[in-house]
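Here is the structure we will look at, set down as structure tokens.
Because the structure is a prediction, the values reported are computed rather than measured. Basis for what follows: all heavy atoms, side chains included, without hydrogens, waters or symmetry-related copies.
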Amino acid sequence: MFIVYQIRSVEHTRKHYPGLACPLPNSGGDGVTIAVLQRYVWFVGPMMPSLKYGVAFCDNGERIPAAKWTPEITAKYKELKATTKTPLRMWRGMIVIPAFILVLAVVAQVAKHRKSTSDKELATYVADPHPGDIFYASTGGTLVRNENSATTTNNVYALFKVIKIDGDNIVLAQGNASRVSTPDHFINEFESGFWNDLKKETTSFGETPVTISLQSLKQYNFFSIVPHKEDDSPGRISKIVRPDK
């Protein structure tokens, strides 16, 4: 993890002192301007202001090196610095960071609670599926073996409606909307709105039954189509919605 921050400077005050001799030749006038600045850290806001420092300029705008400051310039700088206070806004970042962390913590806890509730609900419905339940599921597709690897193709993502429980099998009807994942066109079900879009597009369920193993569902949360073929890859249930809940 990388934390990116900046070291910045801010000018708090500036004052011109006419009659204060500039130690540089060809100063272009008879006066010196002194400014009081302060460095600070910038990370989502200003924070950790350091000690103040000063710069001095002749009337022609040329900066006077600190090594050439006269005692009179140094005295005027100390007077100006003593009356220059660090504004409270320079600590704003120290307030923003805890607030930001608190928001992240709250969001994480809410997400954790929702996931926990969703997982418990899914486990309950998997253990006792009812006719009318809607499975948000992928079929798993067909396993394709290459020389050094394997992948799946024709993995169908769709909504499936439970028609009946038939012994160790569940008979389903597939929704008319689907997404098909292939090696050349990978489907990511975790994209925001993926299942909501499928739900909106699903307006009916087909008449051709899809049968899956109830035992595989209960033990492994697998969406395993039966009869099983040699290269079939098990799918998974992402969510189950019970209409009367």
Side-chain angles (χ1 to χ4, degrees), residues 104 107-245:
L104 288 180
V107 170
Q109 286 298 319
V110 170
K112 182 179 179 181
H113 175 72
R114 287 181 177 176
K115 186 178 185 305
S116 176
T117 302
S118 177
D119 289 347
K120 289 179 181 178
E121 186 177 77
L122 178 61
T124 300
Y125 293 165
V126 163
D128 184 26
H130 290 183
D133 286 353
I134 305 297
F135 288 8
Y136 291 58
S138 62
T139 62
T142 303
L143 187 66
V144 179
R145 296 179 178 87
N146 300 316
E147 185 175 345
N148 297 314
S149 62
T151 185
T152 57
T153 188
N154 297 328
N155 185 12
V156 178
Y157 292 82
L159 272 61
F160 297 84
K161 185 176 182 179
V162 177
I163 304 303
K164 63 178 179 177
I165 312 299
D166 185 12
D168 188 40
N169 295 328
I170 305 176
V171 180
L172 309 155
Q174 181 178 327
N176 63 331
S178 64
R179 304 283 190 273
V180 180
S181 182
T182 67
D184 297 326
H185 181 64
F186 177 74
I187 298 296
N188 181 12
E189 64 172 297
F190 299 104
E191 286 184 356
S192 177
F194 175 82
W195 287 112
N196 284 336
D197 289 342
L198 267 179
K199 178 184 176 183
K200 291 175 184 177
E201 296 171 22
T202 302
T203 57
S204 63
F205 291 87
E207 295 182 0
T208 303
V210 177
T211 305
I212 67 171
S213 168
L214 177 60
Q215 182 180 3
S216 293
L217 176 67
K218 288 184 175 181
Q219 287 187 346
Y220 309 111
N221 193 24
F222 281 172
F223 189 98
S224 298
I225 295 178
V226 293
H228 178 77
K229 298 179 182 178
E230 181 180 356
D231 292 326
D232 281 352
S233 178
R236 62 181 295 273
I237 309 291
S238 295
K239 182 169 71 171
I240 297 178
V241 174
R242 186 155 291 172
D244 58 351
K245 295 294 183 180

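Sorted by first and then second residue, the pairs that involve residues 162-179 and meet side chain to side chain donor-acceptor pair (under 3.5 Å), not counting sequence neighbours, are Asn176-Thr203, Arg179-Glu201.
Closest heavy-atom contact between Thr211 and Val171: OG1-CG2, 4.2 Å. Minimum heavy-atom separation, Lys218 to Ala127: CE-O, 3.2 Å. Shortest non-hydrogen contact noted between Ala137 and Phe160 is O-CE1, 3.9 Å. Considering all non-hydrogen atoms of both residues, Ile163 and Pro131 come closest at O-CB, 3.7 Å.
In this structure, Phe223 and Phe135 have perpendicular ring planes: the angle between them is above 60°, well past the 30° mark.
Proximity of Asp232 to Leu143: side-chain heavy atoms (C-beta onward) are nowhere separated by under 4.5 Å.
Under the side chain to side chain contact (heavy atoms under 4.5 Å, CB included) test applied with Leu172, the options Ile225, Asp133, Val162 reduce to a single match, Val162.
The line from OH of Tyr125 to CD1 of Ile134 is 12.0 Å long, rounded to the nearest 0.5 Å. Considering NZ of Lys161 and OG1 of Thr202, their distance stands at 12.0 Å, rounded to 0.5 Å. Between the CG atom in Asp184 and the OG1 atom in Thr153 there is a gap of 8.0 Å [rounded to 0.5 Å]. Distance check, rounded to the nearest 0.5 Å: OG1 of Thr152 to CG of Asp231 gives 11.5 Å. Taking CD of Gln215 as the start and CD1 of Ile170 as the end, the distance is 11.5 Å to the nearest 0.5 Å. In this structure, Ile240 CD1 and Asn221 CG are separated by 7.0 Å, a value rounded to the nearest 0.5 Å.
A donor-acceptor contact shorter than 3.5 Å is absent between the side chain of Ser138 and the backbone of Asn155.
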Output, in order, the C-alpha distance, side-chain angles, deciding distance and verdict of side chain to side chain contact (heavy atoms under 4.5 Å, CB included) for Arg236 and Glu189.
CA-CA 11 Å; Arg236 62 181 295 273; Glu189 64 172 297; 3.0 Å; yes
Between Leu159 and Trp195, is a side chain to side chain contact (heavy atoms under 4.5 Å, CB included) present by the stated rule, with each step listed?
CA-CA 9 Å; Leu159 272 61; Trp195 287 112; 4.1 Å; yes
Could you walk me through whether Phe194 and Ile187 pass the side chain to side chain contact (heavy atoms under 4.5 Å, CB included) check?
CA-CA 10 Å; Phe194 175 82; Ile187 298 296; 3.4 Å; yes
Take Thr151 and Phe186 through the test side chain to side chain contact (heavy atoms under 4.5 Å, CB included) and record every step on the way to the result.
CA-CA 11 Å; Thr151 185; Phe186 177 74; over 6 Å; no
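Within a 6.0 Å radius of CD in Glu207, no more than 12 heavy atoms belonging to other residues, nucleotides or ligands are found.
Partners of Ser216 under the side-chain contact (heavy atoms from CB on, under 4.5 Å) rule, at least two apart in sequence or in another chain, are Ser213, Phe222, Ser224.
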